[in-house]
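Counting from 1, the numbers follow the sequence of the chain as shown. On a predicted model such as this, the values are computed, not experimentally measured, just so you know. We count ligands from 1, going down the list as the structure has it; atoms in each ligand are counted the same way.
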Amino acid sequence: MALHGARLSPLMSNVYYPEYLQLDKILNAQALESEKHGRPAHDEMLFIVIHQAYELWFKQILHEVDSVSRLFADHHVDDNGGELNIAVHRLERVRTIIGVLVHQMDIMETMTPLDFLDFRDLLRPASGFQSMQFKVLEARLGLRMEKRHGRQYYTSQLKPEHKAQIEALEHMPTLLELVNAWLERMPFLDARYWPADEAPFFQRLEELYSSTLVQGEEGNAALWRKVFVEGDTERALSPKACRHALFIMLYRDEPIFQLPFRFLQVLLDIDEGLASWRSRHLNMVHRMIGLRVGTGGSTGKAYLRGAMESHYVFSEIADLSSFLFERRKLPPLPASLRKATGFALEA
Ligand code: HEM
């Protein structure tokens with residue numbers, strides 16, 4: 001910001017860099033426990049700064065995810081007005097930030113286990129496990145309480161007001177639920193667009209898919225029915241939503257589906273990015289504290305491994321790749337649908 005010396009127009013306020021960024025607060029927010037206890041530990045500064053940097057990025061991620069959820073929450077995503085484009089753009093930013101968060105573990109690993117032991121005992125019971133923003137992010141994306149690994153201690157280390165805040169999120173729609181509703185609203189498979197003298201389109205897809213199954217995949221035919229026809233209360237995505245998601249994935253080269261496809265892709269990127277972060281964090285924790293329990297009261301490495309394996313939010317979308325088959329086998333889209341998709345389609 002190079003405002004000094006410049007003549008200010010009447011509309012311009014005299015913004016001063018350190019004040020604008022409130023650096024007096026941020027740069028004075030590193031209170032080392034080890035210093036308070038009269039045994040300063042050099043690496044505690046790094047430990048605090050890195051957690052604060054993570055929390056700032058979590059804040060930005062939540063800012064983006066919440067804005068995308070709001071776009072979807074009014075039951076109308078205006079594709080022609082660019083709303084889907086905005087959603088994709090913001091979620092791609094989230095993906096990029098998560099990439100930085102994964103690499104930031106490199107800095108944490110410049111601290112050795114012995115350096116950590118210089119102050120670790122002073123931190124109990126504080127832990128990243130009490131990161132409200134991380135918990136809010138998981139919940140806002142779509143991780144419901146009953147699906148959590150280690151539910152018994154998930155909120156046990158939180159102050160009552162934070163616990164209440166997390167529990168209140170259980171009553172709010174998650175991004176995953178909003179995506180399900182958006183997929184359900186898609187009109188592409190409506191009978192009006194498909195020739196009345198042919199078998200229903202999705203039935204034809206099922207036959208095509210079945211014809212691609214090889215030995216050992218006999219069970220996939222039943223899986224198809226469960227995912228696209230019958231549904232299952234355990235699943236987050238309804239059969240109707242899954243039919244449209246598969247349709248987008250199969251016809252993703254069509255201009256109208258390119259953006260919806262990128263949207264589905266970036267959700268998977270975010271899931272994969274968070275899983276990479278969990279994996280880096282887990283490995284770092286293992287070499288830092290071995291098999292000892294966490295300061296947050298969990299089993300430590302075992303908890304983190306369980307969370308890494310079971311906290312994917314959008315895995316039902318990734319599962320749909322099981323039902324893809326070669327482009328050359330795809331039936332061409334009917335003219336009536338092509339014509340309709342050339343214009344505004346309500347979604
Ligand atoms: C010396 C470095 C670190 C150690 C030894 C460590 C250790 C742990 C352990 C053992 C847990 C499990 C919960 C518990 O405490 O019982 C945990 C959870 C967590 N930590 Fe760390 N951590 C470290 C650095 C970080 C950093 C830099 C972040 C960045 C924000 C972080 C964020 C988290 C989060 C978000 C959780 C909850 C994960 C979940 O519930 O899936 N940790 N950490």
Are any of the heavy atoms in [X] under 4.0 Å away from ligand 1?
| X | value |
| --- | --- |
| M284 | yes |
| W277 | yes |
| H311 | no |

Run the numbers on F188 and F257 for ring pair (Phe, Tyr, Trp, His ring centres under 6.0 Å), then give the verdict. CA-CA 10 Å; F188 309 118; F257 298 125; 4.7 Å; yes
So which protein heavy atom does [atom] come closest to, and at what separation?
| atom | answer |
| --- | --- |
| atom 25 (C) of ligand 1 | H51 NE2, 3.2 Å |
| atom 39 (C) of ligand 1 | Y303 OH, 3.4 Å |
| atom 13 (C) of ligand 1 | S298 OG, 3.2 Å |
| atom 9 (C) of ligand 1 | L304 CD1, 3.9 Å |
| atom 34 (C) of ligand 1 | G128 O, 3.4 Å |
| atom 5 (C) of ligand 1 | F116 CE2, 3.6 Å |
| atom 10 (C) of ligand 1 | G294 CA, 3.5 Å |

For [X], take its heavy atoms, then give the atoms of ligand 1 lying under 4.0 Å from any of them.
| X | result |
| --- | --- |
| A307 | 41 (O) |
| M108 | 2 (C), 27 (C) |
| V285 | 4 (C), 6 (C), 7 (C), 8 (C), 10 (C), 22 (N) |

Considering only heavy atoms, does [X] approach ligand 1 within less than 4.0 Å through its side chain, its backbone, both, or neither?
| X | answer |
| --- | --- |
| M111 | side chain |
| K135 | neither |
| F47 | side chain |
| Y54 | side chain |
| R278 | side chain |

Any donor-acceptor N or O pair under 3.5 Å, side chains E184, S238: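 Indeed, the side chains of E184 and S238 share at least one donor-acceptor pair under 3.5 Å.
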Quick one about Q60 and E64 (side-chain donor to acceptor, distance below 3.5 Å, no hydrogens or angles considered), yes or no?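 Indeed, the side chains of E64 and Q60 share at least one donor-acceptor pair under 3.5 Å.
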Quick one: do V94 and L56 end up in the same hydrophobic cluster if we chain Ile, Leu, Val, Met, Phe, Trp and Tyr together by side-chain heavy atoms under 4.5 Å apart?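 No, separate clusters.
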Would F116 end up clustered with L46 when hydrophobic side chains under 4.5 Å apart are linked, directly or stepwise?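 F116 and L46: one cluster.
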Less than 6.0 angstrom from the centroid, inside 45 degrees of the normal: does R148 satisfy that with respect to the ring of Y154?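 Geometry flag: set, cation within 6.0 Å and 45°.
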K147 to Y312 six-membered ring, cation-pi geometry met (6.0 Å, 45°):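 Here K147 fails the 6.0 Å and 45° test against Y312.
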So, taking the atom named CG in L141 and the one named CG in L274, what distance separates them when rounded to the nearest 0.5 Å?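 The distance works out to 6.5 Å.
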Kindly compute the distance separating CZ (F325) from OG1 (T212), expressed to the nearest 0.5 Å.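 It comes to 7.0 Å.
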Quick check: S127 and ligand 1, any N/O pair under 3.5 Å apart?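 Looking only at distances, the answer is yes, because the N/O contact criterion of under 3.5 Å is met.
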Taking N or O atoms only and a 3.5 Å limit, does H281 qualify as a polar contact for ligand 1?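 So ligand 1 has an N or O lying under 3.5 Å from an N or O of H281.
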Determine the sole option in F323, F201, F202, F261 for which the ring-ring contact (aromatic ring centres under 6.0 Å, His included) test with F247 is passed.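 The residue from F323, F201, F202, F261 that satisfies ring-ring contact (aromatic ring centres under 6.0 Å, His included) with F247 turns out to be F201.
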Strictly below 4.0 Å, N to O, side chains only: are E161 and K159 in salt-bridge contact?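 No salt bridge links E161 with K159.
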Should we count NE2 of H42 as having more than 12 external heavy atoms under 6.0 Å?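 Not buried by this count: 12 neighbours or fewer within 6.0 Å.
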